[in-house]
Structures are given as structure tokens and as C-alpha cells.
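Everything below concerns the one structure shown next.
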Amino acid sequence: MIPAEQLQSFADWARDLKEDELERARKGMTVKAYPKRTYVCHVGDRLEHWTGVVSGLAKIGLISSSGKATAFIGVPPGGWFGEGTVLKREPRRYDVMALRDSEIAMMNAATFHWLFENSVGFNRFLVRQINERLGHFIALAEYHRLLDAPGRLARNIAWLFNPVLYPRLGPHIDITQEEIGELSGLSRQIVNKNLKVLEGEGLLRVEHGGITVLDLERLSRYGG
DNA sequence: TCATTAAATTGTT
DNA sequence: AACAATTTAATGA
């Protein structure tokens with residue numbers, strides 16, 4: 001069973017649970033290591049878990065109705081996803097891949113449904129999260145319609161810093177330019193060039209093996 | 001603590 | 001995709 005204090009480190013929602021609920025959650029979860037470039041789940045999977053990133057970095061690949069990949073969303077440690085498909089008991093509509101060696105937490109569907117039925121705190125968290133995700137998907141329309149390379153880059157980075165979906169300590173994230181490329185669907189060269197552009201405008205700072213966001217507000221509007 | 005080396009990442013073509 | 005330059009991490013004196 002997962003130690004309570006460790007759970008807090010990657011599950012912000014654990015704060016909202018009462019003692020017995022927390023106990024139930026810890027029993028219904030497992031954490032597993034996924035090596036770089038391995039899939040956490042595939043489109044069409046039915047065995048359902050609510051899924052969270054403990055360490056590393058995951059990439060969600062959205063699939064259009066025609067079955068083609070349309071966009072990617074990066075999920076840093078502390079991010080949870082899959083509540084929609086667990087709630088509706090539907091097959092997954094997306095792939096999830098570990099971009100680097102990662103630890104992934106899985107909560108089994110029975111536990112998820114129990115919390116959904118019994119925990120006020122858990123539901124408060126879910127509403128907040130689903131609402132935030134809705135805004136995210138609306139933004140995705142603009143992303144496809146009118147954004148060029150630097151715009152896409154800015155959006156993808158800004159999304160990693162969504163304070164509701166991915167509560168994080170500070171403005172820094174460890175991520176290579178190659179990983180940013182995989183998330184935004186751009187080549188590493190284009191990423192490198194455009195990161196410099198964003199840096200020149202004072203939106204972020206390019207570091208070795210990471211970036212620090214200086215102006216999240218402007219970054220999330222860039223190009224729009 | 002410092003020097004050396006290997007590995008990873010960045011920057012450029 | 002290839003290559004050079006830079007940064008970091010690991011090793012051992």
C-alpha cells in the first residue's frame with residue numbers, strides 16, 4: 001500500500017479526502033515503472049484505471065474520429081487523467097506514452113467509483129479538474145486553426161504549467177528540447193530556434209535540460 | 001577538492 | 001540527419 005505522505009507528493013486530491021477515504025484510495029492504487037518510450041495505455045483499451053504521473057513525463061496523444069493523431073498533451077508529475085473514460089466506462093480515445101523513464105500510478109475502477117459515490121472531497125476535485133480540462137479542449141480548437149510553430153510551442157509549454165491540472169512548486173520544469181518537440185509535434189531544431197525567440201521576448205528562460213517560465217500569462221496567449 | 005572522462009543536451013548547418 | 005560545442009554527472013587521485 002502506498003504510504004500516505006508519499007501519496008500527497010503526487011496526488012493533490014489526497015488533501016481533500018477524509019481518513020477512511022484516503023485509506024480506501026491507498027489500497028486501490030499501484031505504482032509501476034514505465035521505461036522511456038513505452039506505452040502506458042492504448043486507444044481502445046477497456047481495462048480502466050484512473051492514471052497519475054508520479055515521476056517522469058507522459059504524453060497523451062489525442063485521436064480524432066478518423067483515427068489519426070491530432071495533438072499531444074504533456075503530463076508532468078502530479079497530473080491525473082482518464083476520469084472521463086472511467087466514469088463513462090468507455091474505451092480510451094487516446095494513447096499515453098512515457099516520454100522518459102517514469103513512474104505511473106493507477107487507481108482501479110472499483111476504487112474510483114467508490115470514491116465518486118462516497119467522497120465529497122473527491123468530487124470537488126473532479127469537478128474542478130473536468131472543468132479545467134473543458135477549457136483546455138476549447139483552446140485546442142484555436143491551437144489547430146491559427147497557430148504557427150512558435151505559437152504551438154508556447155501553448156504546449158504553458159499547458160504544462162496549468163495550476164489546476166498540474167499543481168507544481170515553481171516556474172521551472174526539467175524537460176529537454178527533444179521532449180518539447182515530441183509534445184508539440186515539432187522537430188528539435190525548430191524547438192531550439194523558437195525557444196530562443198520566446199526567450200528573447202522575455203517569456204521564459206532556456207536552461208540546460210529545462211526551462212523556467214517568466215511570464216505564464218503572456219506565454220499562454222502568445223500568437224493568439 | 002580537483003582533474004579527467006563519459007554521457008547527455010544544446011546549438012547549428 | 002549529422003556534427004560540433006557546451007553542460008552535467010561520475011569517477012578516482
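Here is the naming used below: chain letters follow the sequence lines, and residue numbers restart at 1 for every chain. Computed from a predicted model, the values in this text were never measured in an experiment.
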Axial bend angle, the helix from dT1(B)-dA13(C) to dT13(B)-dA1(C): five-pair end segments, nearest 10°: 10°
In a table with atom names and distances, give each donor-acceptor pair under 3.5 Å that connects a side chain of residues 32-43 of chain A to protein atoms at least two apart or in another chain.
| unit_1 | atom_1 | unit_2 | atom_2 | d |
| --- | --- | --- | --- | --- |
| Arg37(A) | NH1 | Glu182(A) | OE1 | 3.2 |
| Arg37(A) | NH1 | Glu182(A) | OE2 | 3.1 |
| Thr38(A) | OG1 | Pro35(A) | O | 2.6 |

Non-neighbouring partners of Glu48(A) that pass side chain to side chain contact (heavy atoms under 4.5 Å, CB included), sequence neighbours left out: Thr85(A), Val86(A), Arg92(A)
For residues 203-224 of chain A, tabulate all N or O donor-acceptor pairs below 3.5 Å that involve a side-chain atom, not counting sequence neighbours.
| unit_1 | atom_1 | unit_2 | atom_2 | d |
| --- | --- | --- | --- | --- |
| Arg205(A) | NE | Glu207(A) | OE2 | 3.3 |
| Glu207(A) | OE1 | His172(A) | ND1 | 2.9 |
| Glu207(A) | OE1 | Thr212(A) | OG1 | 3.2 |
| Glu207(A) | OE2 | Thr212(A) | OG1 | 2.7 |
| Thr212(A) | OG1 | His172(A) | ND1 | 3.1 |
| Asp215(A) | OD1 | Glu217(A) | N | 3.4 |
| Asp215(A) | OD1 | Arg218(A) | N | 3.1 |
| Asp215(A) | OD2 | Arg218(A) | NE | 3.0 |
| Glu217(A) | OE2 | Arg221(A) | NE | 2.8 |
| Glu217(A) | OE2 | Arg221(A) | NH2 | 2.9 |
| Arg218(A) | NH2 | Glu201(A) | O | 3.1 |
| Ser220(A) | OG | Leu216(A) | O | 3.1 |
| Ser220(A) | OG | Glu217(A) | O | 2.9 |
| Tyr222(A) | OH | Glu201(A) | OE2 | 3.2 |

Arg24(A) and Glu21(A) ion-paired at < 4.0 Å: no
Ring pair (Phe, Tyr, Trp, His ring centres under 6.0 Å) pairs, two or more places apart, involving residues 72-101 of chain A: Trp13(A)-Trp80(A), Trp50(A)-Trp80(A)
Under 4.0 Å protein heavy-atom contacts per nucleotide of nucleotides 6-13 of chain B, with B for base, S for backbone only and - for none: ---SBBBB
Stepwise side chain to side chain contact (heavy atoms under 4.5 Å, CB included) test for Phe10(A) and Val53(A): CA-CA 7 Å; Phe10(A) 62 84; Val53(A) 178; over 6 Å; no
Minimum heavy-atom distance Tyr166(A)-Ile73(A), with the two atoms named: OH-CG2, 3.8 Å
